[in-house]
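Counting starts at 1 for both ligands and their atoms, following the listed order.
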Amino acid sequence: MRGANAAAFLVAFGLMSVSVLLPAAGSGERLGRGPKAFVEVGGKALLEYALEAFAWADEVLVALPPGHALPPRPGVRFLEGGKTRQQSVWRLLQAATADVVLVHDVARPFVVRAALERLLKAVAETGAATLAVPVPDTLVEDRDGAYGAVIPRERHRLVQTPQGFRRELLMEAHLEALREGRDFSDDAQMVLALGHPVALVEGDRRMFKLTYPEDLDLAEGLARAWNC
Ligand SMILES: Nc1ccn([C@@H]2O[C@H](COP(=O)(O)OP(=O)(O)OP(=O)(O)O)[C@@H](O)[C@H]2O)c(=O)n1
Ligand SMILES: C[C@](O)(CO)[C@H](O)COP(=O)(O)O
């Protein structure tokens with residue numbers, strides 16, 4: 001994280017301990033460069049960006065793709081991920097010990113400090129929050145390749161990570177999803193399905209998720225400013 005000042009962070013949020021869960025076990029099919037955690041941007045692996053951004057946390061737990069191992073690192077535990085993102089997070093969550101857990105995609109290497117601070121504040125106040133950004137373009141239904149109904153973008157947001165929760169609340173949400181055999185694309189949905197509101201906190205467009213090959217060009221450009 002650019003300009004990180006771990007001491008200030010801990011003073012501001014020292015009242016709650018924080019476990020950071022990094023699901024990094026995806027295969028990166030859409031990007032087409034192998035497991036995304038090890039893809040390099042600006043000469044640095046995506047996983048490294050996350051480990052640096054969250055070095056202030058009480059503990060960091062990382063789900064790696066099966067068959068991958070990394071050298072030990074202080075304050076970091078590496079576990080084997082599952083078949084889906086939800087399964088990977090569940091494995092990490094069972095090993096977490098802090099009051100609050102932050103779940104963050106390693107596929108989002110640029111963690112903006114101000115957004116993270118906003119999120120932590122909201123989690124402290126409400127117990128469940130996610131970063132999200134407005135939809136910048138016209139949003140439309142795809143009717144088999146034809147322009148369909150326009151969806152009012154003012155009422156919609158693109159959901160980012162990190163997402164933060166009281167650990168016990170997220171445990172309850174994952175257990176309920178397991179009981180119901182449901183698979184969710186993010187953790188906020190699981191908490192909402194439990195009936196607990198999730199605060200939407202202003203994210204940052206630089207915290208985009210590297211998903212498609214062209215995202216690599218965007219990330220390389222941003223990395224030049226980020227890493228200097
Ligand atoms: N079984 C899985 C699948 C995904 N993830 C993680 O969840 C995050 C968001 O997933 P995504 O961006 O979809 O990554 P991939 O699953 O790797 O991408 P793709 O769907 O294109 O294969 C990533 O940090 C990814 O490593 C995970 O830990 N375990
Ligand atoms: C968690 C997430 O990044 C929020 O937008 C998103 O749901 C992950 O989706 P993916 O299909 O696993 O990339």
Side-chain angles (χ1 to χ4, degrees), residues 19-41 44-54 60-70 76-96 101-112 115-116 119 123 128-136 139 156-165 170 173-174 177-178 182-193 198-216 218-219:
S19 302
V20 172
L21 314 186
L22 299 175
S27 54
E29 260 173 49
R30 288 168 290 180
L31 198 66
R33 296 286 184 96
K36 256 190 261 182
F38 311 114
V39 168
E40 291 194 359
V41 160
K44 197 158 74 176
L46 296 191
L47 178 56
E48 190 58 35
Y49 282 83
L51 293 176
E52 287 176 7
F54 295 103
V60 177
L61 300 154
V62 184
L64 291 175
H68 285 76
L70 289 175
V76 181
R77 269 186 74 185
F78 296 107
L79 289 101
E80 185 171 304
K83 285 198 175 65
T84 64
R85 183 186 185 279
Q86 181 175 316
Q87 285 174 17
S88 293
V89 173
W90 173 233
R91 289 185 184 188
L92 299 175
L93 185 57
Q94 289 173 89
V101 292
L102 292 188
V103 186
H104 181 65
D105 295 331
V106 296
R108 298 180 188 272
F110 306 109
V111 177
V112 175
L116 186 53
L119 179 82
V123 177
T130 181
L131 295 183
V133 286
V135 180
L139 188 61
H156 292 81
R157 293 291 178 268
L158 300 173
V159 174
Q160 299 185 319
T161 70
Q163 303 186 336
F165 312 93
L170 191 59
H174 271 258
L178 274 174
R182 296 179 71 184
D183 192 63
F184 294 86
S185 61
D186 76 343
D187 297 276
Q189 283 168 74
M190 303 171 75
V191 168
L192 188 64
V198 179
L200 282 181
V201 176
E202 183 191 347
D204 190 298
R205 278 156 56 79
R206 288 169 292 185
M207 295 177 71
F208 68 95
K209 179 161 67 68
L210 269 87
T211 306
Y212 300 105
E214 59 271 29
D215 294 337
L216 277 170
L218 296 174

query: Around atom CD of Glu29, are there more than 12 heavy atoms of other residues, nucleotides or ligands at under 6.0 Å?
result: no
message: Return the CG to CG distance between Leu170 and Leu102, rounded to the nearest 0.5 Å.
response: 10.5 Å
field: Gap separating the CG atom of Leu116 from the CG atom of Asp204, nearest 0.5 angstrom
entry: 11.5 Å
- request: Look at the side chain of Lys36 and the backbone N and O of Leu210, then say whether any donor-acceptor pair between them is shorter than 3.5 Å.
  value: yes
- prompt: Which protein residues have a heavy atom under 4.0 Å from ligand 1?
  reply: Pro23, Ala24, Ala25, Gly26, Ser27, Gly28, Glu29, Arg30, Lys36, Gly82, Lys83, Thr84, Arg85, Ser88, Asp105, Val106, Ala107, Lys209
field: Results of salt bridge (Lys or Arg N to Asp or Glu O under 4.0 Å) for Lys44 - residues two or more places apart only
entry: Glu52
message: Restricting to ring-ring contact (aromatic ring centres under 6.0 Å, His included), what partner residues turn up for Phe184, sequence neighbours left out?
response: none
Nearest-0.5 Å distance that lies between atom CG in Asp105 and atom CZ in Phe208: 13.0 Å
statement: Taking every heavy atom of Arg205 against every heavy atom of Pro136, the minimum-distance pair comes out as NH1-CG, 3.2 Å
Put together the list of close N/O pairs, under 3.5 Å, between ligand 2 and the protein, could you?
from	atom 1	to	atom 2	distance (Å)
ligand 2	3 (O)	Asp105	OD2	2.5
ligand 2	3 (O)	Arg108	NH2	2.8
ligand 2	5 (O)	Arg108	NH2	3.2
ligand 2	5 (O)	Val159	O	2.6
ligand 2	7 (O)	Ser185	O	3.0
ligand 2	11 (O)	Arg30	NH2	3.3
ligand 2	13 (O)	Arg30	NH2	3.2
ligand 2	13 (O)	Lys209	NZ	2.6

query: Should Arg108 and Asp215 count as an ion pair when the cut-off is N to O under 4.0 Å?
result: no
